[in-house]
2 protein chains.
Amino acid sequence: MVTLEENGSKVAMGKVSAELAVTPGTATSMVKNMERDGWLKYYPRQGVSLTRKGKKVAMNMLRRHRLLETFLVETLGLDWSEIHIEAEELEHAISEKVLEKLDEFLGSPRYDPHGHPIPSKGGTIQRPSSQTLQNCDAGITVRVESILDQDSDFLKFAREKELLPGKAVSVIKSEKLADVITLKIDGREPFSMGFRSAEKILVV
Amino acid sequence: MVTLEENGSKVAMGKVSAELAVTPGTATSMVKNMERDGWLKYYPRQGVSLTRKGKKVAMNMLRRHRLLETFLVETLGLDWSEIHIEAEELEHAISEKVLEKLDEFLGSPRYDPHGHPIPSKGGTIQRPSSQTLQNCDAGITVRVESILDQDSDFLKFAREKELLPGKAVSVIKSEKLADVITLKIDGREPFSMGFRSAEKILVV
DNA sequence: ATATATACTTTGATTGATCAAAATAGTAAA
DNA sequence: TTTACTATTTTGATCAATCAAAGTATATAT
Ligand SMILES: [Mn+2]
Ligand SMILES: [Mn+2]
Ligand SMILES: [Mn+2]
Ligand SMILES: [Mn+2]
């Protein structure tokens with residue numbers, strides 16, 4: 001959803017239709033309605049970009065989503081691999097009033113359990129790192145910022161390997177041709193992962 | 001919603017249509033769909049009654065609603081006059097898993113902030129008192145069980161008068177003809193209320 | 001530059017929710 | 001019993017969401 005239009009550029013209709021799991025024709029029709037209502041600007045055959053108004057509600061939805069995820073893990077003790085889907089529903093049902101009470105109760109956290117920054121009430125959000133594990137050279141040590149993939153199984157795998165936000169990761173080797181990177185976290189056994197997966201880990 | 005079909009008898013279509021705020025024709029159509037799906041039995045021109053299956057999900061929804069109300073007051077500190085509407089939305093968005101975690105977190109409360117019993121996970125619920133303040137004679141002292149009305153302003157009034165679940169209330173006088181009852185709670189000033197309002201307070 | 005493939009938009013149809021108005025059944029009054 | 005009233009159901013129409021299939025524009029390959 002929201003995650004698509006982070007940057008200022010246009011999102012292709014194909015992405016929209018795939019993300020919303022509707023046919024391309026339906027996506028076009030939806031997007032036209034949303035333009036009519038002022039949420040976004042639609043450039044036929046190019047894509048859509050959020051208006052200021054649209055960006056505002058998108059940020060607010062991201063705030064809802066991430067505060068809820070934090071609550072589900074911190075307060076109720078759910079696993080970080082299962083909270084995304086739950087928050088996806090709850091974010092639409094929670095009122096502004098309850099949301100702010102929740103924020104207060106949680107102590108205004110800045111990051112959700114996946115390491116994603118939580119937008120402020122005003123709608124500003126901390127820019128994420130542009131580095132991923134994929135573009136890290138052998139020998140250096142980095143700190144995990146966040147996990148991009150919301151897939152439940154991938155998150156379980158990441159926790160298993162202790163690939164968690166805040167953790168220090170040493171890059172043992174990075175083999176471009178073989179498309180694989182080998183890592184070491186704390187005193188644990190080194191392990192390898194493909195670039196495809198490494199790209200899902202944001203680091204600083 | 002659910003509150004209508006507590007007893008085993010039929011609910012008139014007029015009630016259904018009013019409660020759902022749709023035209024009578026729409027109510028008829030909805031009810032037919034729900035019968036097709038097995039949620040209720042529809043007796044044309046008489047009304048509807050829940051099937052076992054329907055009663056089960058209704059009880060579950062009541063459990064959701066009341067646990068959420070409890071959470072909103074106990075954990076987030078919202079006022080009891082504003083939680084009903086909030087819970088009305090959230091009850092549809094919360095999953096079974098999150099609900100049970102919430103129940104655990106709250107310590108499996110038996111009553112919500114209005115004094116309403118919370119159905120067990122299995123769907124059983126404690127029978128409410130059949131006494132209201134309206135049918136209390138002068139001189140006796142009763143304990144408030146619950147407030148039936150969900151209206152925000154009425155709830156604010158009740159709290160103002162300390163007419164809260166668990167409180168002991170002495171009936172100073174009850175004047176049938178004048179349709180008014182006079183009450184005293186703790187050491188406070190006595191006050192009066194009409195039978196219409198007194199009927200909204202369940203006591204034991 | 002031409003042809004082909006891909007991404008996207010349009011069109012036309014279907015479905016479901018809803019309403020207003022007309023028809024009907026059941027109830028109360030005369 | 002007949003009439004009148006009220007609650008409910010039916011009917012016919014509208015609207016929004018969605019899809020499949022057909023048409024069109026743009027990018028890519030030859
Ligand atoms: Mn998420
Ligand atoms: Mn997250
Ligand atoms: Mn309630
Ligand atoms: Mn309640």
Side-chain angles (χ1 to χ4, degrees), chain A residues 1-51 53-55 57-58 60-61 64-65 85 87-94 196 199, chain B residues 1-51 53-55 57-58 60-61 64-65 85 88-94 196:
Chain A
M1 11 88 268
V2 176
T3 334
L4 285 177
E5 40 265 304
E6 305 142 79
N7 50 52
S9 64
K10 282 165 263 183
V11 178
M13 293 307 291
K15 298 275 181 193
V16 174
S17 118
E19 178 68 30
L20 302 180
V22 293
T23 61
T26 301
T28 302
S29 150
M30 291 171 101
V31 145
K32 281 177 175 174
N33 288 337
M34 293 179 80
E35 175 164 62
R36 164 176 45 71
D37 297 340
W39 303 116
L40 45 77
K41 201 64 176 90
Y42 168 47
Y43 304 93
R45 307 225 169 236
Q46 295 183 67
V48 293
S49 71
L50 294 175
T51 58
K53 176 181 167 189
K55 217 163 284 165
V57 313
N60 182 256
M61 201 50 88
R64 290 158 175 260
H65 184 94
I85 301 180
E88 205 72 68
E89 291 299 314
L90 288 167
E91 67 186 13
H92 302 291
I94 191 171
R196 186 79 41 80
E199 205 181 9
Chain B
M1 11 92 262
V2 176
T3 335
L4 284 178
E5 40 266 302
E6 305 143 80
N7 49 54
S9 65
K10 282 165 262 181
V11 178
M13 293 307 292
K15 298 276 181 192
V16 174
S17 119
E19 179 68 30
L20 302 180
V22 294
T23 61
T26 302
T28 302
S29 148
M30 290 170 101
V31 145
K32 280 177 174 172
N33 288 338
M34 293 178 80
E35 175 164 60
R36 162 176 45 71
D37 297 340
W39 304 115
L40 46 77
K41 199 72 174 83
Y42 168 47
Y43 305 92
R45 305 222 172 239
Q46 295 183 66
V48 292
S49 70
L50 293 176
T51 59
K53 177 181 167 190
K55 217 163 284 166
V57 313
N60 182 256
M61 202 48 89
R64 288 157 176 261
H65 184 94
I85 301 179
E88 205 71 68
E89 291 299 314
L90 289 167
E91 67 186 13
H92 302 291
I94 190 171
R196 186 79 42 80

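Values in this document were obtained by computation on a predicted structure and should not be read as measured data. Throughout, a chain's letter reflects where its sequence line sits, starting with A, and its residues are numbered from 1.
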Atom-pair distance (OH on A:Tyr42; P on C:dA7), nearest Å
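Between P of C:dA7 and OH of A:Tyr42: 16 Å.
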So, using side-chain contact (heavy atoms from CB on, under 4.5 Å) as the criterion, who are the partners of A:Asn33 when residues are at least two apart?
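Only A:Ser29, A:Arg36 meet the side-chain contact (heavy atoms from CB on, under 4.5 Å) criterion with A:Asn33.
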Can you name the side-chain contact (heavy atoms from CB on, under 4.5 Å) partners of B:Thr23, sequence neighbours left out?
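B:Thr23 satisfies side-chain contact (heavy atoms from CB on, under 4.5 Å) with B:Thr26 once adjacent residues are dropped.
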Does A:Met61 reach the side chain of A:His92, with side-chain heavy atoms less than 4.5 Å apart?
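Answer yes - side chains close enough.
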Can you give me the closest heavy-atom contact between B:Ile94 and B:Arg64, atom names plus distance?
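Closest approach of B:Ile94 to B:Arg64: O-NH1, 2.5 Å.
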Considering all heavy atoms, the nearest A:Val48-A:Val31 contact
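The answer is CG1-CG1, 3.5 Å.
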Spell out, as yes or no, whether a donor-acceptor pair under 3.5 Å connects the side chain of A:Lys15 to the backbone of A:Gly47.
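No; judged by distance alone, with no hydrogens or angles, the pair does not exist.
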Between the side chain of A:Ser17 and the main-chain N/O of A:Ala27, is any donor-acceptor distance below 3.5 Å?
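Not a single qualifying donor-acceptor pair exists.
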Which part of the nucleic acid does A:Ala12 contact within heavy-atom distance under 4.0 Å: base, sugar-phosphate only, or nothing?
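A:Ala12: backbone/sugar contact only, no base atoms under 4.0 Å.
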How long is the gap from NE2 on B:His65 to CG on B:Leu90, to the nearest 0.5 Å?
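Between B:His65 NE2 and B:Leu90 CG, I get 10.0 Å after rounding to 0.5 Å.
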Where along residues 28-38 of chain B does a heavy atom fall under 4.0 Å from DNA chain D?
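When residues 28-38 of chain B is checked for heavy atoms under 4.0 Å from DNA chain D, the hits, listed by number, are B:Thr28, B:Lys32.
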Side chain to side chain donor-acceptor pair (under 3.5 Å) against A:Glu89, all qualifying residues, sequence neighbours excluded
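Residues passing side chain to side chain donor-acceptor pair (under 3.5 Å) with A:Glu89: none at all.
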Any residue meeting side chain to side chain donor-acceptor pair (under 3.5 Å) with A:Glu199, in chain and number order, not counting sequence neighbours
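With sequence neighbours excluded, A:Glu199 shows a side chain to side chain donor-acceptor pair (under 3.5 Å) to no residue whatsoever.
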Nucleotides bounding contact with chain B, strand DNA chain D, heavy-atom threshold 4.0 Å:
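First and last nucleotides in contact are D:dA7 to D:dT10.
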Is there a side-chain contact between B:Thr23 and the phosphate of C:dA20, meaning an N or O under 4.0 Å from OP1 or OP2?
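Result: no.
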Please write out each protein N/O paired with an N/O of nucleotides 21-24 of chain C under 3.5 Å, distance rounded to 0.1 Å.
unit_1: C:dT24; atom_1: O2; unit_2: B:Arg45; atom_2: NH2; d: 3.3

